[in-house]
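Contents: one structure, followed by commentary.
Treat the numbers as computed from the prediction; the structure is a model and nothing was measured. Residue indices begin at 1 and follow the sequence shown. Indexing begins at 1, ligand by ligand and atom by atom, following the structure's order.
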Amino acid sequence: MKKTDVIRAILGDRLHHSPQLPAATAFAATNIALCKYWGKRDQELNLPVTSSLSISLGKKGANTTLRMIEADENVVVLNGVTQDSFSNFNKKLRDYLLLYGSHHFHIEAESNIPIAAGLASSACGFAALVKALNQLFDWQCDSRELSILARLGSGSASRSIWPGFVEWHAGVRADGMDSYGEMLPLVWPDLCIGLVILSDKEKPISSRVAMQRTVETSLLYKMWPEKVKEDLVAIKEALHTQDFQLLGKTAESNALAMHATMLSAWPPVNYCLPETVAMMHKIWQLRGEGLHIYFTQDAGPNLKLLFLEKDMGTVRMQFPEMEIVRPFSSSVL
Ligand code: PMV
């Protein structure tokens, strides 16, 4: 099954709508998985082997403005800078937009997170783009349909359609119509996420390539679905009972297990820099001293810290450079 088959199945005749507005703007928050998505059961449709669960980061994300233009190619402006038409970023967008027809667009994206630094910039990028397309062409898609369309751009984008805690159901269908993100009706107002940027350089290997290599060559990957099954149960319990230590422990262990599958792939994939490892040791030491602080890590060297508002002062003192987000008050501190 092709991406265009899924798009046709969702949009039907609406695929032939012309723009109903001169321009459309939409925002999507970036998300950080507490239980990771790692490995696809279908590469074309970005269908995952397992379900995953994330937290969307309030106002941290992408704001995208879209208008159709009469031109031979798209014009892509990212944070005020017009992108080279051969750039990776431009190519990804072009390939995705071509799925909807041969129109060209002026796309202006403002992102307040470092691109490609393992902070899920493609997740919020595709989610914002799909929301803007939905408005521009007046498709009137619901969130489930938007989540499926965003997934075709990048798997984790399926979760960025929503704020708050989001579960992306793996689904079992070959067409992926049961593989979408869904918001959990839960809030945790004093939950804080710290963004520690150790490097904002583009990662040496894309998550797409690393994921596939892991699925194909890592012996440890065989245990990954089992690990996710347990962790999803634990995380949901932690969210329901607001058991922060259970949440932190499970999210940290889940991220480390994901990286263990990559280290045991061949050729091995290691997203850690020496600074990443040093910071893990610092966190473990602080935890040993009684501070309730945990980390998670995605396909990049940066760590994201999890802690509660009551510990904000101590955490700030230990990590003065860190940006702190409180997802449920939508404020960047
Ligand atoms: O959606 P992708 O292809 O960028 O993959 C994201 C993979 C991780 O960030 C490592 C995990 C996750 O669930 O977000």
Side-chain angles (χ1 to χ4, degrees), residues 3 28-57 60-62 88-89 92-93 95-96 111 113-130 147-162 165-170 176 179-181 193 195 202-215 218 221 224-225 227-228 231-232 235 250-263 265 269-272 276 295-304:
K3 288 181 171 134
T30 191
N31 74 80
I32 287 173
L34 300 167
C35 180
K36 308 293 184 190
Y37 146 57
W38 197 248
K40 300 178 203 225
R41 65 181 163 88
D42 181 314
Q43 291 224 66
E44 162 76 10
L45 301 183
N46 291 335
L47 295 175
V49 172
T50 70
S51 297
S52 57
L53 199 156
S54 62
I55 171 93
S56 288
L57 292 194
K60 279 265 161 201
N88 260 350
F89 185 76
K92 265 198 201 169
L93 275 178
D95 290 351
Y96 185 76
S111 160
I113 52 170
I115 301 292
L119 276 167
S121 51
S122 67
C124 57
F126 279 111
L129 183 66
V130 166
S147 174
I148 292 173
L149 295 177
R151 164 170 52 74
L152 301 177
S154 158
S156 51
S158 65
R159 301 184 308 235
S160 267
I161 292 295
W162 298 96
F165 296 111
V166 181
E167 180 170 7
W168 171 13
H169 304 287
S179 182
Y180 53 86
I193 312 275
L195 303 177
E202 196 146 342
K203 51 195 166 198
I205 171 167
S206 70
S207 50
R208 166 173 287 271
V209 172
M211 222 180 257
Q212 195 49 26
R213 188 187 296 170
T214 307
V215 172
S218 161
Y221 187 76
W224 175 247
K227 169 76 178 149
V228 168
D231 288 350
L232 278 175
I235 289 177
T250 312
E252 185 173 307
S253 156
N254 183 271
L256 288 167
M258 176 182 76
H259 285 274
T261 68
M262 291 183 222
L263 283 171
V269 180
N270 186 355
Y271 283 111
C272 288
T276 315
F295 68 84
T296 183
Q297 180 189 5
D298 291 289
N302 301 317
L303 297 185
K304 295 102 190 196

Quiz item: If you measure from each heavy atom of Arg208 to ligand 1, is any distance below 4.0 Å?
Solution: no
### Query
Has ligand 1 got any nitrogen or oxygen that is less than 3.5 angstrom from a nitrogen or oxygen of Arg159?
yes
* Asked: What do you reckon, does Asn31 have a nitrogen or oxygen under 3.5 Å from a nitrogen or oxygen of ligand 1?
  -> no
Looking at ligand 1, is there an atom of it that comes within less than 4.0 Å of some heavy atom belonging to Ala299?
yes
Are the side chain of Arg159 and the backbone N or O of Asn31 linked by a donor-acceptor pair below 3.5 Å? no
- Is there a salt bridge (charged side-chain N to carboxylate O under 4.0 Å, His left out) between Lys36 and Asp231 once you walk through the steps? CA-CA 10 Å; Lys36 308 293 184 190; Asp231 288 350; over 6 Å; no
- Message: Side chain or backbone, does Tyr37 bring an N or O within less than 3.5 Å of an N or O on ligand 1?
- Response: yes
- Task: Answer yes or no: is there a donor N or O on one side and an acceptor on the other, between the side chain of Tyr221 and the main chain of Trp38, under 3.5 Å?
- Result: yes
Ligand 1 to Trp38, heavy atom cutoff 4.0 Å, flagged ligand atoms 10 (C)
Closest non-hydrogen atoms of Ser154 and Ser122, given as atom of the first, atom of the second and distance, are OG-OG, 3.4 Å
A student checking ligand 1 against Ser154 at a 4.0 Å heavy-atom cut-off should list atoms 1 (O), 2 (P), 4 (O)
The atoms of ligand 1 lying under 4.0 Å from a heavy atom of Ala33, numbered in the order shown, are 12 (C), 13 (O), 14 (O)
A student checking ligand 1 against Met211 at a 4.0 Å heavy-atom cut-off should list atoms 5 (O), 7 (C)
(message) Using a plain distance cutoff, I'd like to know if Ser156 has any nitrogen or oxygen under 3.5 Å from a nitrogen or oxygen of ligand 1.
(response) yes
Next on the checklist: Within the structure, is a non-hydrogen atom of Ser207 found at a distance of less than 4.0 Å from ligand 1?
Outcome noted: yes
Look only at the side chain of Ser147 and the backbone of Ser158, and say whether a donor-acceptor pair between them is shorter than 3.5 Å.
yes
Could you tell me if Lys227 and Thr50 have a donor-acceptor pair between their side chains, going purely by distance under 3.5 Å?
no
Tightest non-hydrogen contact, residues Ser156 and Tyr37, listed as N-CE2, 4.0 Å
Ligand 1 to Gly155, heavy atom cutoff 4.0 Å, flagged ligand atoms 1 (O)
Where the side chain of Thr276 meets the backbone of Pro301, is there a donor-acceptor pair that is under 3.5 Å apart? yes
